[in-house]
Amino acid sequence: MILDKEVLRDRLDRLIWEIEEARIKRSEHLIVQLVVVSKYTESENIRTLYELGQRAFGENQVQQLEKRVNELNDLPIAWHQIGTLQTNKINKLIDLEPFLLQSLDSIKLANELNKRLEKKDKTMDALLQINSSYEESKSGVKPEEAVDIYQEIKERFNRINLKGVMTIGAHSKDESKIRKSFERTYNIFEKLQKDGAKICSMGMSGDFKIAIESGSNMVRIGSYLFREP
Ligand SMILES: *Cc1c(COP(=O)(O)O)cnc(C)c1O
């Protein structure tokens with residue numbers, strides 16, 4: 001559904017206000033970046049949000065990202081790849097030159113990505129995805145292995161610039177479980193700051209306030225903006 005500019009303006013304003021409230025609760029010094037996840041919506045709505053000042057957008061499939069980049073190539077958007085990256089899509093992703101790959105989820109993938117970046121003489125900024133809720137359906141490295149894997153990727157793969165960590169909150173109605181998965185990720189992020197980690201990406205439409213209260217400095221929000229009222 002293509003949404004009116006005024007509708008999107010209201011929703012974006014409300015979202016930014018709610019992010020602001022959660023941020024102040026955590027710390028006045030915390031800065032939270034908003035990545036709008038556009039996977040469920042039309043390119044027209046992305047264009048409207050761009051006109052309203054939004055610059056960072058995320059897609060979870062490389063194919064979809066390619067379509068967006070082509071349709072919106074007149075706009076200098078910072079595109080984030082947020083979904084699982086399959087090996088056979090690595091070359092395509094490199095060619096699209098994303099602003100940030102948020103879903104680097106194994107040493108094996110890092111190895112493949114690094115090889116192909118080398119061949120193309122390019123680099124890529126990335127976040128290490130952590131499976132902070134230990135859910136089998138989710139990608140990401142185990143929390144207790146995350147620090148070692150982060151350091152190994154940093155040492156071995158010089159074409160990948162690790163910028164921090166990303167997680168998806170626990171799939172649960174129990175708020176304490178969700179909070180725990182975010183706190184677990186934030187603790188890892190804190191340990192990795194000496195290795196240059198700057199971004200802690202956590203929080204989606206249903207749980208971004210808990211994520212920010214737990215220290216997130218990047219939220220990825222889709223349905224909050226685009227769902228039918
Ligand atoms: C879809 C998606 C989001 C956004 O989810 P909403 O609940 O629609 O805000 C965030 N992160 C990832 C990895 C996603 O796949």
Side-chain angles (χ1 to χ4, degrees), residues 1 3 7-8 10-19 22 32-43 45-46 49 54-68 77-86 89 93 96 98-106 109 124-141 143 146 163-173 175 177-179 181-182 184-186 189 199-229:
M1 188 168 63
L3 297 160
V7 169
L8 281 172
D10 283 351
R11 290 186 192 174
L12 184 63
D13 281 353
R14 189 157 49 94
L15 173 59
I16 290 170
W17 179 244
E18 289 185 22
I19 291 172
V32 179
Q33 295 187 65
L34 167 62
V35 178
V36 168
V37 176
S38 44
K39 66 190 181 199
Y40 301 125
T41 200
E42 288 84 350
S43 293
N45 292 333
I46 302 176
L49 284 165
Q54 179 63 29
R55 293 292 177 270
F57 292 87
E59 285 291 339
N60 70 340
Q61 287 179 6
V62 175
Q63 218 124 336
Q64 178 85 338
L65 181 63
E66 182 184 34
K67 184 176 152 243
R68 299 297 195 195
I77 286 173
W79 287 107
H80 295 235
Q81 168 67 27
I82 61 170
T84 304
L85 176 59
Q86 290 161 328
K89 299 280 161 49
L93 183 68
L96 292 170
F99 181 80
L100 185 64
L101 166 64
Q102 295 209 12
S103 47
L104 188 63
D105 58 11
S106 69
L109 180 64
M124 195 180 288
D125 290 355
L127 304 181
L128 181 65
Q129 183 172 352
I130 298 171
N131 188 352
S132 59
S133 56
Y134 298 93
E135 286 167 28
E136 278 189 30
S137 59
K138 290 197 172 99
S139 327
V141 302
K163 297 285 181 189
V165 296
M166 180 273 245
T167 200
I168 297 172
H171 183 73
S172 173
K173 288 213 159 52
E175 198 183 299
K177 277 196 186 137
I178 302 171
R179 199 175 288 275
S181 64
F182 289 145
R184 199 173 272 139
T185 305
Y186 184 79
F189 170 65
I199 299 173
C200 180
S201 172
M202 44 190 206
M204 314 190 348
S205 293
D207 57 18
F208 69 90
K209 290 181 195 173
I210 305 170
I212 294 169
E213 286 166 25
S214 308
S216 166
N217 60 18
M218 180 176 279
V219 292
R220 312 174 307 270
I221 310 273
S223 45
Y224 183 106
L225 293 164
F226 303 121
R227 71 180 161 217
E228 316 257 332

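Whatever order the structure lists them in is the order used to number ligands and atoms, beginning at 1.
For the pair Glu175 and Arg179, the salt-bridge criterion is met [side-chain N within less than 4.0 Å of a carboxylate O].
The aromatic rings of Phe208 and Tyr224 lie perpendicular to each other, with more than 60° between the two planes, well past the 30° mark.
Not one N or O on the side chain of Gln102 forms a donor-acceptor pair closer than 3.5 Å with the backbone of Gln129.
Annotation: salt bridge (Lys or Arg N to Asp or Glu O under 4.0 Å) contacts of Arg68 (sequence neighbours excluded): Glu59.
Side-chain contact between Trp79 and Ser38 is present, with at least one heavy-atom pair separated by less than 4.5 Å. Side-chain contact check for Leu104 versus Leu127: every heavy-atom pair is 4.5 Å or farther apart.
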Contact table, ligand 1 N/O with protein N/O, distance under 3.5 Å:
from, atom 1, to, atom 2, distance (Å)
ligand 1, 7 (O), Ser223, OG, 3.4
ligand 1, 8 (O), Ser223, N, 2.8
ligand 1, 8 (O), Ser223, OG, 2.9
ligand 1, 9 (O), Ser205, N, 3.0
ligand 1, 9 (O), Ser205, OG, 2.5
ligand 1, 9 (O), Gly222, N, 2.8
ligand 1, 11 (N), Arg220, NE, 2.9
ligand 1, 15 (O), Lys39, NZ, 2.7

